[in-house]
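To start, the structure under review is shown below, and the notes come after it.
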Amino acid sequence: MLQRSGPLKGVRIVEMAGLGPAPFAAMHLADLGAEVVRIARPGQTFPLPIDAKYNLLNRSRRSLTLDLTQNGDVDRLWQLIERAEVLIEGFRPGKMEKLGFGPDQVHARNPALVYGRLTGWGQDGPLAHAAGHDMNYAAITGAIWGLGEADRPPPPMNLIADQGGGAMMLNLGILAALTHARATGQGQVVDAAMTDGVNLLMTMQHGLAAGGAWTDRRSGDFINGGVAWYRCYKTGDGKYVSVGCLEPQFFAELLALLGLTDDPRFADQYAPNAQAGMMDALTEIFLTATQQEWCDILEGSDACFAPVVSLADASDHAHNRARGSFVTVGGIEMLTPAPRFSRTQPDTPTTGDAGEISLDEILEHWGNNA
């Protein structure tokens, strides 16, 4: 299974199998129709104790296992790279060069190839060769500093650096470079460092700080828990709801639905010295009913409200069901590809163990479309 439907149908990609954000990037491109071949090492396995089919980062594409210490397999990889438009690798700097497939070597044989490199620290800089994970890469950008309660920053899930600042920035860079390559025949290297990506994601905060509107304190600013009307509250059944009514008209809607329009504690939405009192009042109010009871009152209104739903319950939320945000494949519930397209909607993804593909199968298809 190489050919898929979607807006990227026909884009030929070689992915050097790895962990974390690089597989996510390849998965996303494959979800959108690209023909991705995942190059695995002999004996390479998923490092967590679950069946490979649950490693959904490997969905929507098949693998070819090659031993790059063997000349025959080196030649096989070259046959693919010479026909590909994009190569994705997420190793530490220098690893691909040691294997004999660095950018200079590859571009000598395929000048139009887009060479996507995804690392935590980037291809250069004093930390370039150090080990790390999502939290470490995000830690030097200010992103984690502003999260959580006042006593310490939390270890966030790997959404900030791995997926947001890493994989999604890599894919944007790949598609930009691919547009250039198709127009000019000139490929190039895309150096996607997660630190660079997260720094870019912090653009608004830097602007607010420069303008004197950001204190840079945990639970001290308007979108990190420092105000009463942009935070989560516990409900009477031990669950949580989120309130995010930044604008006055939405704040007024919340007050009206809670019966607080004439309460003097809420007279000045933005007053710094009023926030603690409003927080105490809302904390007390939301404890008087269950999460579902608050949904019955507030959900769907302009109060900027939503229940805080667990991972296990996300697929059951009415909005996610209506949008078809989840699909079951091979008995596994997973997320549908995003974003949506009006003309070139992608195929349903596969599970994480779509299986091996032979070189002959790939060349039969790519050889006819090179």
Side-chain angles (χ1 to χ4, degrees), residues 13-29 36 38-41 44 46-48 55 57-58 68 86-107 113-148 152-178 187-207 209 216 218 224:
I13 299 176
V14 170
E15 170 203 359
M16 304 302 292
L19 300 174
F24 182 92
M27 177 209 78
H28 192 218
L29 296 173
V36 182
R38 181 175 174 270
I39 306 301
R41 302 187 304 274
Q44 186 172 16
F46 187 50
L48 297 179
N55 182 12
L57 294 184
N58 285 346
L68 297 182
V86 178
L87 184 146
I88 293 174
E89 62 97 353
F91 304 137
R92 291 199 209 188
K95 175 68 177 292
M96 287 293 285
E97 285 82 353
K98 289 180 181 178
L99 292 172
F101 293 94
D104 291 342
Q105 295 138 308
V106 166
H107 283 143
L113 184 122
V114 173
Y115 199 115
R117 316 196 83 170
L118 179 54
T119 59
W121 308 110
Q123 294 298 312
D124 52 38
L127 296 176
H129 294 276
H133 283 293
D134 174 276
M135 179 171 63
N136 309 124
Y137 310 135
I140 70 167
T141 69
I144 292 180
W145 175 260
L147 299 179
R152 78 187 66 190
M157 290 193 291
N158 65 329
L159 303 177
I160 298 176
D162 277 6
Q163 271 46 309
M168 301 308 291
M169 293 293 180
L170 173 68
N171 282 357
L172 179 60
I174 283 173
L175 295 179
L178 183 60
Q188 59 186 302
V189 175
V190 179
D191 174 8
M194 295 179 223
T195 52
D196 294 344
V198 179
N199 274 322
L200 184 63
L201 294 176
M202 295 293 289
T203 297
M204 184 182 79
Q205 283 76 11
H206 280 281
D216 203 24
R218 282 184 298 283
N224 73 347

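Hydrogens, waters and symmetry mates play no part in the numbers below; they use all other heavy atoms, side chains included.
I144 CD1 to R218 CZ: the interatomic distance, rounded to the nearest 0.5 Å, is 10.5 Å. Between the NE2 atom in H28 and the CE atom in M168 there is a gap of 4.5 Å [rounded to 0.5 Å]. Between atom CG of residue L29 and atom CD1 of residue I13 there is a gap of 4.5 Å, rounded to the nearest 0.5 Å. Here CG of N58 is found 4.0 Å from CZ of R38. Values are rounded to the nearest 0.5 Å.
Within a 6.0 Å radius of CE in M135, no more than 12 heavy atoms belonging to other residues, nucleotides or ligands are found.
Residues satisfying the side-chain contact (heavy atoms from CB on, under 4.5 Å) criterion with L159, sequence neighbours excluded, are M157. The ring-ring contact (aromatic ring centres under 6.0 Å, His included) search around F101 returns W78, not counting sequence neighbours. In this structure A192 satisfies the side-chain contact (heavy atoms from CB on, under 4.5 Å) test together with L118, L170, sequence neighbours excluded. For D124, there are no side-chain contact (heavy atoms from CB on, under 4.5 Å) partners at least two apart in sequence or on another chain. Residues that satisfy the side-chain contact (heavy atoms from CB on, under 4.5 Å) test with L57, not counting sequence neighbours, are P23, F24, M27, N55.
The side chain to side chain contact (heavy atoms under 4.5 Å, CB included) test with L113 singles out one residue from L178, V106, V14, and that residue is V106.
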Test side chain to side chain contact (heavy atoms under 4.5 Å, CB included) on N224 and Q205; report intermediate values, then the result. CA-CA 11 Å; N224 73 347; Q205 283 76 11; over 6 Å; no
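For the residue pair Q105 and G100, the shortest heavy atom distance occurs at NE2-CA, 3.3 Å. The two residues P93 and H129 come nearest to each other via the heavy atoms O-CE1, 3.3 Å. The nearest pair of heavy atoms linking P103 to V189 is CB-CG2, 3.5 Å. When all heavy atoms are compared, the tightest approach of R41 to A17 is NH1-O, 4.1 Å. Here the closest heavy-atom approach between residue A161 and residue A138 is recorded as CB-N, 4.1 Å. Heavy-atom minimum distance, I160 versus A143: CG2-CB, 4.3 Å.
A heavy-atom distance below 4.5 Å is not found between the side chains of L99 and E89.
Sorted by first and then second residue, the salt bridge (charged side-chain N to carboxylate O under 4.0 Å, His left out) pairs with a member in residues 94-106 read E97-R117; sequence neighbours excluded. Residue pairs meeting the side chain to side chain donor-acceptor pair (under 3.5 Å) criterion with at least one member in residues 130-148, sequence neighbours excluded, do not occur. Applying the side chain to side chain donor-acceptor pair (under 3.5 Å) test to pairs two or more places apart or on separate chains, those with a residue in residues 155-170 are N158-D162.
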